[in-house]
There are 2 protein chains.
Amino acid sequence: MKYLQVKEAVLRELAKPQPGFPLSENQLSQRFGVSRMTARRALQELEREGYLSRQQGKGSFPAERRFSQGSLRVRPFYEFAAAQGAVPRTQVLVAEPRPAPAEVAEKLGTADTLCVRRLRFLDEEPVILETRYLDAARCGAVLEHDLTAESLHDILVHALGLPLTRVWQRLGAVALDPEVAALLAQPAGAPGLRLERVTYTLQTPVTWVEYLMRGDRYFFEDTFTPQGERP
Amino acid sequence: MKYLQVKEAVLRELAKPQPGFPLSENQLSQRFGVSRMTARRALQELEREGYLSRQQGKGSFPAERRFSQGSLRVRPFYEFAAAQGAVPRTQVLVAEPRPAPAEVAEKLGTADTLCVRRLRFLDEEPVILETRYLDAARCGAVLEHDLTAESLHDILVHALGLPLTRVWQRLGAVALDPEVAALLAQPAGAPGLRLERVTYTLQTPVTWVEYLMRGDRYFFEDTFTPQGERP
DNA sequence: CCTCACAAGTTGTATATACAACCTAGCGTG
DNA sequence: CACGCTAGGTTGTATATACAACTTGTGAGG
């Protein structure tokens with residue numbers, strides 16, 4: 001595993017207070033007695049892991065330390081349920097053609113939509129209220145499927161063959177309004193997480209969805225290692 | 001760019017209802033008249049992008065579609081400010097040795113801690129209250145730095161030379177209690193985002209931090225493409 | 001029938017080579 | 001002085017080769 005040894009050497013160099021840069025593939029290959037392709041592989045992996053930045057014609061430099069504070073994975077509901085060791089259930093409240101409200105219609109580019117509203121339980125406790133609008137022209141067949149099944153994602157991608165190429169989403173905290181609070185068995189005004197999401201297939205929006213989650217039951221939890229794993 | 005052509009061809013194959021698998025590097029190289037190394041590169045990139053799963057001795061297969069619902073990046077405060085086009089400011093409320101409360105001490109493995117509490121403004125509006133405990137044995141020098149500067153991350157990593165190797169974090173929604181609400185200029189009980197985080201250096205926890213964010217001003221927003229970019 | 005060994009096919013690692021694309025510094029010429 | 005171009009260094013792409021490590025099926029031998 002020569003390329004691993006080169007990687008480690010470069011990492012040690014990187015840790016020095018005054019690293020000697022830029023590095024080059026040829027320089028490394030000579031210093032460690034390996035071929036250029038092997039040195040190249042080491043540098044490429046270090047770039048992918050966020051340690052180096054490489055530029056054609058210039059060389060390899062230490063990456064701007066980004067200090068991205070990490071990321072929070074959004075897990076599918078059934079995965080979340082499994083992690084909690086809880087039994088999931090889905091109740092369909094609405095599944096019918098219904099025009100989207102103005103703000104949603106604007107984001108979808110049409111008001112000719114289907115509406116699906118589902119309440120999701122963990123161990124018979126309501127946790128998430130999902131409200132979704134789908135472009136009727138593209139997703140008409142959705143209503144023929146069993147919406148108590150877990151994944152609407154699956155239906156869209158597999159059954160309808162819509163590649164989901166882009167997602168926009170936004171997460172915030174809100175006070176649950178009385179109607180929603182009642183569905184989630186919470187007092188009006190209780191805090192909740194709100195995740196809004198628009199999914200695109202080939203530049204055109206297909207579905208808008210809002211998840212309202214009970215603040216006392218739903219969390220996003222993650223552990224990760226900044227800038228890729230240490231070798 | 002032959003490897004890109006091979007990638008596209010494999011992606012088209014992947015989209016068929018009944019794809020012919022497993023693929024192999026030799027097979028592809030013959031079919032497209034390229035070298036094995038070129039076919040190899042195409043398959044490797046498709047694996048990294050989540051389309052394929054490769055196993056030594058067996059071959060390359062379509063990946064289990066994961067449908068990870070994506071991830072929310074947590075941006076450093078000054079980056080968030082820049083994105084909003086707002087002027088950031090930091091006010092230090094507390095910066096002194098202070099023992100951590102029991103729940104925090106348990107997570108840090110010590111109660112010999114420093115406490116830093118900072119209020120962060122966007123355009124002179126309070127948005128985030130940060131409460132942090134640091135292992136005093138490792139971070140004593142922190143108090144000598146200018147804590148109104150933007151990044152405590154930078155201080156820990158650069159000035160103290162602590163590699164941050166692991167992060168655990170959890171995000172939820174809470175009702176702001178009266179004391180916090182007052183600091184954030186919100187009515188008591190208003191909804192807020194709460195991000196709790198423990199950062200490790202080499203398996204041992206170094207700092208615990210809680211961010212309380214105004215629900216009406218702070219969001220996590222992202223766009224991304226599921227399973228890597230389309231070529 | 002069972003078991004072991006081997007062969008064939010696969011990916012992983014390493015090397016050598018060639019040329020293309022790109023960047024920069026410096027030199028020459030106008 | 002200013003401009004352009006060239007030379008040398010860098011990464012990017014592509015190929016050919018060799019062997020190691022792993023998986024699976026098959027066939028020989030007990």
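Residue numbers begin at 1 in each chain, while the letters A, B, ... track the order of the sequences.
Between A/Leu23 atom CG and D/dT11 atom C1' there is a gap of 13 Å when expressed in whole angstrom units. Taking atom CZ of B/Arg40 as the reference point, atom C1' of D/dT15 lies 14 Å away to the nearest angstrom. The CZ-C1' distance, from B/Phe61 to C/dT10, rounds to 9 Å in whole Å. In this entry the distance linking CD of A/Gln55 with C1' of D/dT10 reads 11 Å, nearest Å. Taking atom CD of residue A/Glu47 and atom C1' of nucleotide D/dG12, one finds them 11 Å apart after rounding to whole Å. Separating the CD atom of A/Gln27 from the C1' atom of D/dT11 is a distance of 14 Å, rounded to the nearest angstrom. Remark: C1' of C/dG9 and NZ of B/Lys58 are 13 Å apart, rounded to the nearest angstrom. One can place CE of A/Met37 at 12 Å from P of C/dA16, the figure rounded to the nearest angstrom.
Note on B/Arg54: every side-chain N or O is 4.0 Å or more away from OP1 and OP2 of C/dT10. In this structure, B/Ser24 does not reach the C/dG9 phosphate: none of its side-chain N or O atoms is under 4.0 Å from OP1 or OP2. The phosphate of C/dA16 has neither OP1 nor OP2 within less than 4.0 Å of any side-chain N or O from A/Arg36. Neither OP1 nor OP2 of C/dT10 sits under 4.0 Å from any side-chain N or O of B/Ser60. Distances shorter than 4.0 Å separate none of the side-chain N or O atoms of B/Thr38 from OP1 or OP2 on D/dA14. Within the 4.0 Å cut-off from OP1 or OP2 of D/dA14, not a single side-chain nitrogen or oxygen of B/Tyr3 is found.
Closest to the side chain of B/Ser35, out of C/dT13, D/dT24, D/dT15, is D/dT15. Nearest to the side chain of A/Asn26, among C/dT15, D/dT11, C/dG12, sits D/dT11. With D/dT11, C/dG12, D/dT15 as the choices, the nucleotide that has an atom nearest any side-chain atom of B/Val34 turns out to be D/dT15. Distance from the side chain of B/Leu43 is smallest to C/dT11 among C/dT13, D/dT15, C/dT11. Looking at the side chain of A/Lys2, the nearest of the listed nucleotides C/dT15, D/dT11, D/dA21 is C/dT15.
Remark: A/Leu43 CG to A/Lys7 NZ distance equals 10.5 Å, nearest 0.5 Å.
Toward the 5' end of DNA chain C, the nearer of the two residues A/Arg41 and A/Gly57, judged by each one's closest nucleotide, is A/Arg41.
Checked by atom type, the side-chain pair A/Asp146/A/Thr148 shows a donor-acceptor distance below 3.5 Å. Side-chain N/O atoms of A/Arg54 and A/Ser60 include a donor and acceptor closer than 3.5 Å.
A/Ala100 and A/Thr113 get closest at one heavy-atom pair: N-OG1, 3.0 Å.
Under 4.0 Å is where a charged nitrogen must lie from a carboxylate oxygen, and between A/Lys107 and A/Glu196 at least one such pair does.
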